[in-house]
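Notes for the one structure printed next.
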Amino acid sequence: MKEFILLLPIIFIFHDMEEVVGFGYFFKKNPDLYDRFPRVMKAYRNFKTEGFAAAVYEEFIPFFGVSLLAYYFPNKVLISMWYGLFLALAGHFIIHIGQTIYLKKYIPSFVTSLICLPVSVNILLRCTRVMDFDLVTILTIALSILLMMLNLKLAHKLAHFVNGRMHVEENVMR
C-alpha cells in the first residue's frame with residue numbers, strides 16, 4: 001500500500017491545476033451561471049485566479065501533510081485518514097463529472113476528473129484489500145471526509161479574503 005500513498009497529493013494537484021488555469025476564463029464565458037445557479041455561484045462571485053489558487057494551496061496542505069505522515073509513520077489512524085481523503089477526492093471527481101453532464105458543457109475539471117477517477121478507484125480498491133475495516137478505521141475515514149468538507153468552506157473563505165485584499169490593492173493603485 002505504501003507505493004500508493006504519495007499519489008494522493010500528486011493526483012490532487014494534477015486535477016486542481018486544470019481548475020486553476022481554466023475557471024477564470026470559464027466564468028467570463030458563462031456569466032449566465034450566476035443567474036441560473038445563484039446559491040452555488042455565490043462562492044465564485046468576484047472570482048479571481050489568485051484567490052482560487054490560494055484556496056487550492058490551502059486544500060493541498062492536508063492532502064500532502066497526511067500523505068507524508070502516512071508514508072513515513074504508517075499506522076492505522078494515519079492510513080485511515082489518508083484513505084478518507086482519497087475517498088473525498090474521488091467523490092470530488094464524481095461531482096465534477098456530474099456537473100459537466102448536468103450543464104451539458106465542458107467545465108474546467110472535467111478532463112482530469114475523467115482521467116483521475118478510474119486511477120483513484122483502482123488505488124482505493126487495491127488498498128481496501130489490505131486494510132482492516134474495524135470501528136476505529138471506519139470512524140477515522142468518516143471523520144476525514146467530514147473534515148475535508150469543512151476544509152472546503154475554509155478554502156472558499158480564504159479565496160474571498162485574498163480576492164478582497166486584491167480588490168483593495170487594485171483600488172489603492174488607481
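Distance check: Ile97 CD1 to Phe110 CZ gives 6.5 Å after rounding to the nearest 0.5 Å. Ile13 contributes atom CD1, which lies 11.0 Å from atom OG1 of Thr112 (distance to the nearest 0.5 angstrom). How far CG of Leu85 is from CZ of Phe12: 10.5 Å, rounded to the nearest 0.5 Å. For the atom pair CG of Leu158 and CG of Asn151, the computed distance is 10.0 Å after rounding to the nearest 0.5 Å. Rounded to the nearest 0.5 Å, atoms CZ (Phe86) and OG (Ser67) are 8.0 Å apart. For the atom pair OH (Tyr71) and CD (Glu3), the distance works out to 9.5 Å, reported to the nearest 0.5 Å.
Met131 has its side chain within reach of Ile79: a pair of non-hydrogen atoms, C-beta onward, lies under 4.5 Å apart. Considering only heavy atoms from C-beta on, Phe26 comes within 4.5 Å of Lys105 through its side chain. Proximity of Val119 to Leu7: side-chain heavy atoms (C-beta onward) are nowhere separated by under 4.5 Å. Within the 4.5 Å cutoff, side-chain heavy atoms of Leu8 are placed close to those of Trp82. With contacts defined as side-chain heavy-atom distances shorter than 4.5 Å, the pair Tyr102/Phe37 qualifies. Ser80 is listed as a side-chain neighbour of Lys76, based on a closest heavy-atom distance under 4.5 Å.
Under the 4.5 Å side-chain contact rule for hydrophobic residues, Ile61 and Ile5 do not share a cluster. One hydrophobic cluster, built from ILVMFWY side chains closer than 4.5 Å, holds both Leu125 and Ile145. At a threshold of 4.5 Å between side-chain heavy atoms, the hydrophobic network of Ile, Leu, Val, Met, Phe, Trp and Tyr places Ile123 and Ile94 in one connected group. Residues Leu154 and Val66 fall into different hydrophobic clusters, defined by Ile, Leu, Val, Met, Phe, Trp and Tyr side chains chained together at heavy-atom separations under 4.5 Å. When the side chains of ILVMFWY residues are joined at heavy-atom separations under 4.5 Å, either directly or via intervening members, Phe14 and Leu89 end up in a single hydrophobic cluster.
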Checklist entry - Could you walk me through whether Phe52 and Phe27 pass the side-chain contact (heavy atoms from CB on, under 4.5 Å) check? => result CA-CA 12 Å; Phe52 189 69; Phe27 290 142; over 6 Å; no

Next on the checklist: Could you walk me through whether Ser120 and Ile11 satisfy the side-chain contact (heavy atoms from CB on, under 4.5 Å) test, starting with their C-alpha distance in whole Å, then the side-chain angles of each, then the deciding distance to 0.1 Å, before giving a yes or no?
Outcome noted: CA-CA 8 Å; Ser120 298; Ile11 289 170; 4.0 Å; yes

Checklist entry - Where do Asp32 and Asn30 land on the side-chain contact (heavy atoms from CB on, under 4.5 Å) test, with the steps shown first? => result CA-CA 5 Å; Asp32 63 302; Asn30 295 282; 3.8 Å; yes

Checklist entry - Could you go step by step and tell me if His96 and Ser109 meet the side chain to side chain donor-acceptor pair (under 3.5 Å) rule? => result CA-CA 6 Å; His96 284 314; Ser109 65; 3.1 Å; yes

Next on the checklist: If you apply the rule side-chain contact (heavy atoms from CB on, under 4.5 Å), what do you find for Met148 with Phe63, and how did you get there?
Outcome noted: CA-CA 9 Å; Met148 284 314 295; Phe63 285 103; 3.4 Å; yes

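Of all heavy-atom pairs spanning Leu78 and Leu69, the tightest one is CD1-O, 3.7 Å. Closest approach of Cys127 to Phe4, counting heavy atoms only: SG-CD1, 3.9 Å. In terms of heavy-atom proximity, Met81 sits nearest to Thr140 at CG-CG2, 3.5 Å. Shown here for Ala90 and Leu124, the closest heavy-atom pair between the two residues is CB-CD1, 4.1 Å.
Judged purely by distance below 3.5 Å, without hydrogens or angles, the side chains of Thr128 and Tyr83 pair a donor atom with an acceptor atom.
Other residues, nucleotides and ligands place more than 12 heavy atoms under 6.0 Å from the OH atom of Tyr106. Met149 CE: 12 or fewer foreign heavy atoms inside a 6.0 Å radius. Within 6.0 Å of atom NZ in Lys2, more than 12 heavy atoms from other residues, nucleotides or ligands are found, so the atom counts as buried in its surroundings.
In this pair, His15 and Phe93 present their aromatic rings perpendicular. The plane angle is above 60°, beyond the 30 to 60° band.
A donor-acceptor pair under 3.5 Å is formed between the side chain of Asp134 and the backbone N or O of Thr137. Looking at Asn75, its side chain does come within 3.5 Å of a backbone N or O of Phe73 through a donor-acceptor pair. Under the 3.5 Å distance criterion, the side-chain polar atoms of Asn163 are matched with a main-chain donor or acceptor of Ala159.
Under the 6.0 Å cut-off for aromatic ring centres, His156 and His160 do not qualify, their centroids lying 6.0 Å or more apart.
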